[in-house]
A.B. asks: 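Please read through the structure below; I'll follow up with questions.
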Number of protein chains: 2
Amino acid sequence: MAKILPAAPFEGANENLSATTAPQDVSREDAATFDVLRKMREDILCCVLKPDQKLKFGELRQRYDTSVGTLREALSHLVSEGLARTEAGRGFQVSPISLADFLDLSELRVYLETKTLADAIRHGTDAWEAEIVSSYFLLSKLGAPKQDDSLSVKQEWGKRHKRYHDALVATCRSPWSLHYRSELFDQARRYHWLTMIHSRLHRRNEHLEIRDAVLARDSDLACSLLEQHIRTTVEQAVADVPGLIRGNARVLKPGKRRKS
Amino acid sequence: MAKILPAAPFEGANENLSATTAPQDVSREDAATFDVLRKMREDILCCVLKPDQKLKFGELRQRYDTSVGTLREALSHLVSEGLARTEAGRGFQVSPISLADFLDLSELRVYLETKTLADAIRHGTDAWEAEIVSSYFLLSKLGAPKQDDSLSVKQEWGKRHKRYHDALVATCRSPWSLHYRSELFDQARRYHWLTMIHSRLHRRNEHLEIRDAVLARDSDLACSLLEQHIRTTVEQAVADVPGLIRGNARVLKPGKRRKS
DNA sequence: CGGTTCAATATTTTCGAAAGTTTCGAAAAT
DNA sequence: ATTTTCGAAACTTTCGAAAATATTGAACCG
């Protein structure tokens, strides 16, 4: 009974899904707090709230039309996710970005994304395939956004891009891997946003290639393509976003201030 | 300039530590909120606040002597870390535990711990070695706690155990890996606590073996020992904690209630 | 002229009460 | 006997004001 683990990957009781303790992936939560949290996260991911920007309660309060306590709760969440920072008595600010961070982030993503993808393929179902087809369709219909596309178009593409990548790994059996994968994916979105703005490189239709490899259940090929997909994005950012290389990139008009 | 990543682990600008964006590992933060957060986390990790337990504001308010808003902020953090859950309008509760979760958790830990350890060994310094020696000394001085040791002894052992394991990987260069490793380590502490309570199995002095392998800079051996260390702990929990196997383990006297 | 002190201002942090939900149990209806 | 309805109690959520802390800028010495 105790001989479940002969120094090999854990196998026991994988069916017992009774209680997945991994952190609640942003789904339903408190009504108002969650709403503010979601909006703020989206704003940080899209660099509407810029890296390093000070997050003052006065401004936030009027921007999101809510109270200090609610804001504080949402900010607290963002700190845990790594999208904001806070210090003793001097409030909150958007987390900085840097090349070093993007590289570190991406390396871990390569491992987690491929691990979750391999497991998802292993346990794929019809519904899983259907969602991949569907989400890919929606993604391809929009096409990669260009520098002068509107904010809302870019945001919509971001949503569909995330939905597609989530769909790929949806049947992975490891809640913890899925959770961290998702957090890292969001982190990467901040950098992707900068890349979109400066986008110059031509890229193959990597999402299509991945989709087909996954649907063919070719795990090795799919993982390899996904790995390349992540690495190419890093290359593109390094090539296209000049600010990233020399430490703190301050993008999107550094001095712009909203009147309080 | 763009040819930094030939489909191999990222190498570029590893020196640029200007801005490590990975979430702030619990260090300094707000004064009061952080204090409450730390106490609550410790209580959950030690199962003083039991798995699945409802976290009512009335009780918490008097237990930690603070206001609702502060509690809410701390609870918010705990939810992000996976130690608590929350639902729409019905408050917070301690995250459940289960065998499936422990297995999942542990498998990811094996990867992250070995990855960070290998990197830490690669970049080890004198100060790093010194802290390993020192923290191991403190850990060994206490000896593995037994079932009838007092709560404070067990807690002290938990602190030293964490300090030792943190010391091993301290020089790892990947902030994100370190962050997730730390979160998973804390998660595992909840299960270790149960194992301590029921402890029956005899174990070799694994911490000493790991220490020596690490100090000898034998990366392969150290990682292998660390992997075994984690797996053995899982085996021990499976063998010793009967409740874990059949879904939700409710430990530490299920009916006990504190008077409000 | 550069640096320090101190008061005024701006901002954050904490708190308790009001408003809004959910839960529970008793009474009414099927 | 079982289900439904309703209202009271318990609890959660939200809010704005009071307290605490940090920042700014002007006046003051070395």
Side-chain angles (χ1 to χ4, degrees), chain A residues 24 26-41 43-44 49-50 52-80 83-96 255-260, chain B residues 24 26-41 43-44 49-50 52-80 83-96 255-260:
Chain A
Q24 294 180 306
V26 203
S27 49
R28 99 186 26 78
E29 203 166 315
D30 317 31
T33 294
F34 174 57
D35 214 52
V36 172
L37 171 61
R38 193 173 40 185
K39 281 182 196 154
M40 277 185 65
R41 174 166 25 219
D43 285 343
I44 291 177
L49 299 175
K50 289 159 281 184
D52 293 305
Q53 181 179 336
K54 185 86 200 298
L55 295 169
K56 291 186 209 159
F57 285 94
E59 298 177 6
L60 295 179
R61 214 166 144 287
Q62 97 178 35
R63 180 184 237 280
Y64 299 105
D65 188 39
T66 186
S67 73
V68 184
T70 303
L71 275 172
R72 202 152 235 286
E73 207 179 318
L75 284 166
S76 207
H77 252 284
L78 292 171
V79 169
S80 297
L83 291 172
R85 345 211 83 206
T86 178
E87 207 180 335
R90 57 196 67 165
F92 296 79
Q93 70 182 77
V94 178
S95 283
K256 188 83 169 293
R257 280 242 148 177
R258 83 177 331 96
K259 66 165 183 270
S260 80
Chain B
Q24 295 179 305
V26 203
S27 49
R28 96 188 28 77
E29 205 166 311
D30 317 31
T33 294
F34 174 57
D35 214 51
V36 172
L37 171 61
R38 193 173 39 183
K39 281 182 196 155
M40 277 185 63
R41 174 167 26 219
D43 285 344
I44 292 178
L49 300 175
K50 290 160 280 185
D52 291 306
Q53 181 178 338
K54 185 88 201 295
L55 296 169
K56 292 184 209 161
F57 284 94
E59 298 177 6
L60 295 179
R61 211 164 146 289
Q62 99 178 32
R63 181 184 236 281
Y64 299 105
D65 187 39
T66 187
S67 73
V68 184
T70 303
L71 275 172
R72 200 152 237 286
E73 206 178 318
L75 283 166
S76 207
H77 252 284
L78 291 171
V79 169
S80 298
L83 291 172
R85 345 211 82 206
T86 178
E87 208 180 333
R90 57 196 67 167
F92 296 79
Q93 70 182 75
V94 179
S95 283
K256 189 81 168 295
R257 281 239 149 180
R258 82 177 331 92
K259 63 167 185 272
S260 80

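Quick note on labels: first sequence line is chain A, next is B, and so on, each numbered from 1.
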A.B. asks: For B:Leu37 versus B:Ala74, what's the shortest heavy-atom pair and its separation?
C.D. replies: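 Between these two residues, the closest heavy atoms are CD1-O, 3.7 Å.
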A.B. asks: Look at B:Thr70 and C:dT13 and indicate whether a side-chain polar atom (N or O) is within less than 4.0 Å of OP1 or OP2.
C.D. replies: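 It does not, given that no N or O in the side chain of B:Thr70 lies less than 4.0 Å from OP1 or OP2 of C:dT13.
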A.B. asks: Holding to side chain to side chain donor-acceptor pair (under 3.5 Å), I want the full list of residues that pass it with B:Ser95, two or more places apart in sequence or in another chain.
C.D. replies: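 None.
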A.B. asks: Measure from CD on B:Glu87 to C1' on D:dT12 and round the result to the nearest Å.
C.D. replies: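 Roughly 13 Å, once rounded to whole Å.
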A.B. asks: When you get a sec, tell me which of D:dT14, D:dT13, C:dT11 is the closest nucleotide to the side chain of B:Phe57?
C.D. replies: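 Of the candidates, D:dT13 comes closest.
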A.B. asks: Scan A:Leu55 against the nucleic acid and name what it touches under 4.0 Å (heavy atoms): base, sugar-phosphate only, or nothing.
C.D. replies: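 Sugar-phosphate, backbone atoms only, no base.
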A.B. asks: Side chain of B:Arg72: nearest nucleotide among C:dT11, D:dT12, D:dC15?
C.D. replies: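 Among C:dT11, D:dT12, D:dC15, the one nearest the side chain of B:Arg72 is D:dT12.
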A.B. asks: Would B:Lys39 and B:Asp43 pass as an ion pair if we require N to O under 4.0 Å?
C.D. replies: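 Salt bridge between B:Lys39 and B:Asp43, a charged N being under 4.0 Å from a carboxylate O: no.
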A.B. asks: Who pairs with A:Thr66 by side chain to side chain donor-acceptor pair (under 3.5 Å), at least two apart in sequence or on another chain?
C.D. replies: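 With neighbours one apart ignored, the set is empty.
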A.B. asks: Minimum heavy-atom separation for B:Met40 to B:Leu78, with atom names?
C.D. replies: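 For B:Met40 and B:Leu78, the tightest heavy-atom pair comes out as CE-CD1, 3.5 Å.
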A.B. asks: Measure OH/B:Tyr64 against P/C:dT14 and give the value in whole Å, please.
C.D. replies: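 Computing the B:Tyr64:OH to C:dT14:P distance gives 17 Å.
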A.B. asks: Tell me: CD of B:Gln93 to C1' of D:dT12, nearest whole Å?
C.D. replies: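 Whole-Å distance recorded here is 14 Å.
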A.B. asks: Send over the distance from B:Leu71 CG to D:dT14 P, rounded to a whole Å.
C.D. replies: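 Distance check: B:Leu71 CG to D:dT14 P gives 15 Å.
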A.B. asks: Can you list the stems that include DNA chain C, where a stem is three or more consecutive Watson-Crick or G-U pairs with distances under 3.5 Å?
C.D. replies: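 As far as DNA chain C goes, consecutive pairing (with distances under 3.5 Å) yields the stems C:1-30 with D:1-30.
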A.B. asks: Check side-chain contact (heavy atoms from CB on, under 4.5 Å) between A:Arg90 and all other residues, then give those that pass, not counting sequence neighbours.
C.D. replies: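 For A:Arg90, the residues satisfying side-chain contact (heavy atoms from CB on, under 4.5 Å) (neighbours in sequence not counted) are A:Glu87.
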A.B. asks: With rounding to the nearest 0.5 angstrom, report the CD to CZ distance, B:Gln53 to B:Phe92.
C.D. replies: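 Going from the CD atom of B:Gln53 to the CZ atom of B:Phe92 covers 14.5 Å.
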A.B. asks: Has A:Lys54 got a side-chain N or O lying under 4.0 Å from the OP1 or OP2 atom of D:dA22?
C.D. replies: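 So the side chain of A:Lys54 is outside the cut-off, no N or O lying under 4.0 Å from OP1 or OP2 of D:dA22.
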A.B. asks: Could you tell me the separation between the CD atom of B:Glu59 and the C1' atom of D:dT12, rounded to a whole number of Å?
C.D. replies: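 Atom CD in B:Glu59 sits about 14 Å away from atom C1' in D:dT12.
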A.B. asks: Can you identify which nucleotide, out of C:dT13, C:dT22, C:dC15, has its nearest atom closest to the A:Phe92 side chain?
C.D. replies: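 For A:Phe92, the side-chain atoms sit closest to C:dT13.
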A.B. asks: In this structure, which one of B:Asp52, B:Leu83, B:Leu55 forms a side chain to side chain contact (heavy atoms under 4.5 Å, CB included) with B:Val94?
C.D. replies: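 Testing each of B:Asp52, B:Leu83, B:Leu55 against B:Val94, the sole residue satisfying side chain to side chain contact (heavy atoms under 4.5 Å, CB included) is B:Leu55.
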A.B. asks: Rounded off to whole Å, could you give me the CG-to-C1' distance for the A:Leu60 and C:dT11 pair?
C.D. replies: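 From A:Leu60 CG to C:dT11 C1': 12 Å.
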A.B. asks: Look up atom NE2 in A:His77 and atom CD in B:Glu73, then write down how far apart they are to the nearest 0.5 Å.
C.D. replies: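 These two atoms lie 11.0 Å from each other.
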A.B. asks: From CG of A:Asp35 over to C1' of D:dT14, roughly how many Å is that when rounded to an integer?
C.D. replies: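 To the nearest whole Å, that distance equals 14 Å.
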A.B. asks: May I have the distance from B:Phe34 (atom CZ) to C:dT14 (atom P), rounded to whole angstrom?
C.D. replies: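 Rounding to the nearest Å, CZ of B:Phe34 and P of C:dT14 are 13 Å apart.
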A.B. asks: Nearest 0.5 Å please: distance from the CD atom of B:Gln93 over to the NZ atom of B:Lys56.
C.D. replies: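 Output value for this atom pair is 12.5 Å.
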A.B. asks: Considering only nitrogen or oxygen atoms on both sides, find all protein atoms under 3.5 Å from nucleotides 16-21 of chain D and state each distance.
C.D. replies:
residue	atom	partner	partner atom	Å
D:dG16	OP2	A:Arg61	NH2	3.2

A.B. asks: With a cut-off of less than 4.0 Å, is there a side-chain N or O of B:Arg90 near OP1 or OP2 of D:dC11?
C.D. replies: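 For D:dC11, OP1/OP2 do not have a side-chain N/O of B:Arg90 under 4.0 Å.
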